[in-house]
Amino acid sequence: MPSKYLDDDDRVVRYVSWAKLRRDEDDNVLGCLPSAFLLRNGETYLSVSWCEYFDGSADECLRCCIEAIRSSKIEVRPKGRFAVAVVGRLKVGAAEGGRKLRIIHEATEDNPAHAAIRGWASEDEELLDLLAEEVWTEALSAADANDLPASSCQVSARGAA
Amino acid sequence: MREAITTDFAPRISSSTWATPLPKGGLPSAAIDDRLTNIRTWTSLSSKVDKGRGLPEQLFDTAADFKMFTSKVAMHLEPAWRTKLFSQLDSLLDPDEWDPEDLPPAALSFRTLLRMLLLLRPARKPGLGADHEGHLIAAWTTDENRLTVTCLQGDQVRYVLKRKLPDEAVRSAGDCSIAFLPTALHAYEPHVWFE
């Protein structure tokens with residue numbers, strides 16, 4: 001089956017635990033640390049979830065994507081955040097660091113919206129910091145996510161293709 | 001399987017550059033060095049993950065150990081800062097928030113963090129974070145100016161920064177010792193983060 005590359009307008013979501021959130025000395029969340037986007041030993045791609053796998057409005061897709069993460073094996077904790085990035089901006093940002101990303105829908109058993117970002121620059125902290133600041137700009141709390149409109153989370157035509 | 005943290009992170013700069021003069025009054029005293037160096041448990045705590053204990057217990061013990069280590073140099077810390085640091089550690093190491101896939105922070109990383117803060121003595125304290133390999137992270141953020149320091153073992157740090165200047169934004173990253181860090185940051189006017 002051919003790889004399904006995500007479009008530049010598509011959005012991806014990554015769960016970021018409390019320890020990897022950029023905070024001030026009073027624990028106010030300011031964004032994500034570069035460490036939120038480091039690959040673990042043995043990982044060959046960065047795991048994200050694809051919003052437009054689902055059908056509906058932009059906010060409905062985002063909510064469904066977050067629910068897919070919550071239903072997966074990832075242990076979502078109360079103060080963790082859901083970082084959102086636009087695929088095209090990720091590619092442009094990574095290109096500034098000499099990286100060419102391939103962002104591919106690769107469903108897993110526990111998450112049908114799972115996508116892999118291949119060619120990720122895990123060792124380049126300067127680039128990860130740039131992406132954390134300029135691309136992963138939105139980091140939704142659990143409450144933010146719960147305020148998004150819910151839908152039946154039908155699979156989109158592109159998601160089903 | 002989780003690996004023990006044993007890697008030595010060699011600095012990318014030559015050892016001769018460590019001799020760069022440090023800001024007057026910024027160095028921790030020999031007494032601080034002695035106290036931090038002589039804590040016998042630093043090494044034993046740095047290289048093991050006790051798989052026989054649950055994560056909540058490990059995190060609780062880690063926080064307790066870090067506070068105990070801090071108490072060894074308590075006379076050099078403002079009480080308000082020590083209270084805040086303890087609060088930050090409790091928050092960071094909260095078992096309800098910790099990703100079970102991540103290694104708890106290593107004692108030798110905390111040692112580097114503490115020594116770095118005693119060296120820099122920043123008026124504005126950093127936010128704390130961690131990576132999945134057991135390293136603590138200190139982050140200072142002032143508007144668009146960002147400084148992120150990953151505390152490795154052996155007084156080594158990895159820093160990445162963005163400094164917003166009137167006509168441009170400068171980014172930089174590097175590895176060095178905490179002794180060299182003030183010199184490495186000097187060109188970026190670190191008072192924007194620390195004061």
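Quick note: numbers below take in every heavy atom, side chains included, and nothing from hydrogens, waters or symmetry partners. Numbered from 1 within each chain, the chains take letters A, B, ... in sequence-line order.
Using a 4.0 Å cut-off between a side-chain N of Lys or Arg and a carboxylate O of Asp or Glu, A:E134 and B:R171 qualify as a salt bridge. A:K20 has a carboxylate O that lies under 4.0 Å from a charged side-chain N of B:D102, or vice versa, which qualifies the two as a salt bridge. Between B:D96 and A:K79 there is no salt bridge, since no side-chain nitrogen of the basic residue lies less than 4.0 Å from a carboxylate oxygen of the acidic one.
Judged by distance alone, with hydrogens and angles left aside, the side-chain atoms of A:R77 form a donor-acceptor pair with the main-chain N or O of B:P95 at under 3.5 Å.
Using a 4.5 Å cut-off between heavy atoms, B:P122 makes no contact with chain A at all. For a residue to count as touching a neighbouring chain, one of its non-hydrogen atoms must lie under 4.5 Å from one of that chain's; by this rule B:L85 does not touch chain A. With a 4.5 angstrom heavy-atom cutoff, A:L30 touches chain B only via side-chain atoms. At a 4.5 Å heavy-atom cutoff, the contact between B:L92 and chain A is made by backbone and side-chain atoms alike. If you measure heavy-atom distances from A:L39 to chain B, the contacts under 4.5 Å come from the backbone alone. The contact between B:K84 and chain A is made entirely by side chain atoms (from C-beta outward), counting heavy-atom distances below 4.5 Å. For chain B, the nearby parts of A:L130 are the backbone and the side chain; heavy atoms of each come within less than 4.5 Å. Only the side chain of B:T150 comes within less than 4.5 Å of a heavy atom of chain A; its backbone N, CA, C and O stay farther away. Contacts of A:D129 with chain B are made by both backbone and side-chain atoms, with heavy-atom separations under 4.5 Å. The contact between B:W140 and chain A is made entirely by backbone atoms, counting heavy-atom distances below 4.5 Å.
The minimum heavy-atom distance between B:S91 and A:D27, with the atom names listed, is OG-OD2, 2.7 Å. Closest heavy-atom contact between B:S172 and A:E126: N-OE2, 3.9 Å. Summarising the geometry of A:E133 relative to B:E144, their closest heavy-atom pair is OE2-O, 4.1 Å, with the distance given to 0.1 Å. Between A:L33 and B:G129 the shortest heavy-atom distance is CD1-CA, 3.9 Å.
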* Please lay out, stage by stage, how A:R22 and B:T148 fare under the test side-chain contact (heavy atoms from CB on, under 4.5 Å). => CA-CA 9 Å; A:R22 187 176 201 89; B:T148 309; 2.9 Å; yes

* Between A:E75 and B:E101, is a side-chain contact (heavy atoms from CB on, under 4.5 Å) present by the stated rule, with each step listed? -> CA-CA 9 Å; A:E75 292 197 32; B:E101 296 295 313; over 6 Å; no

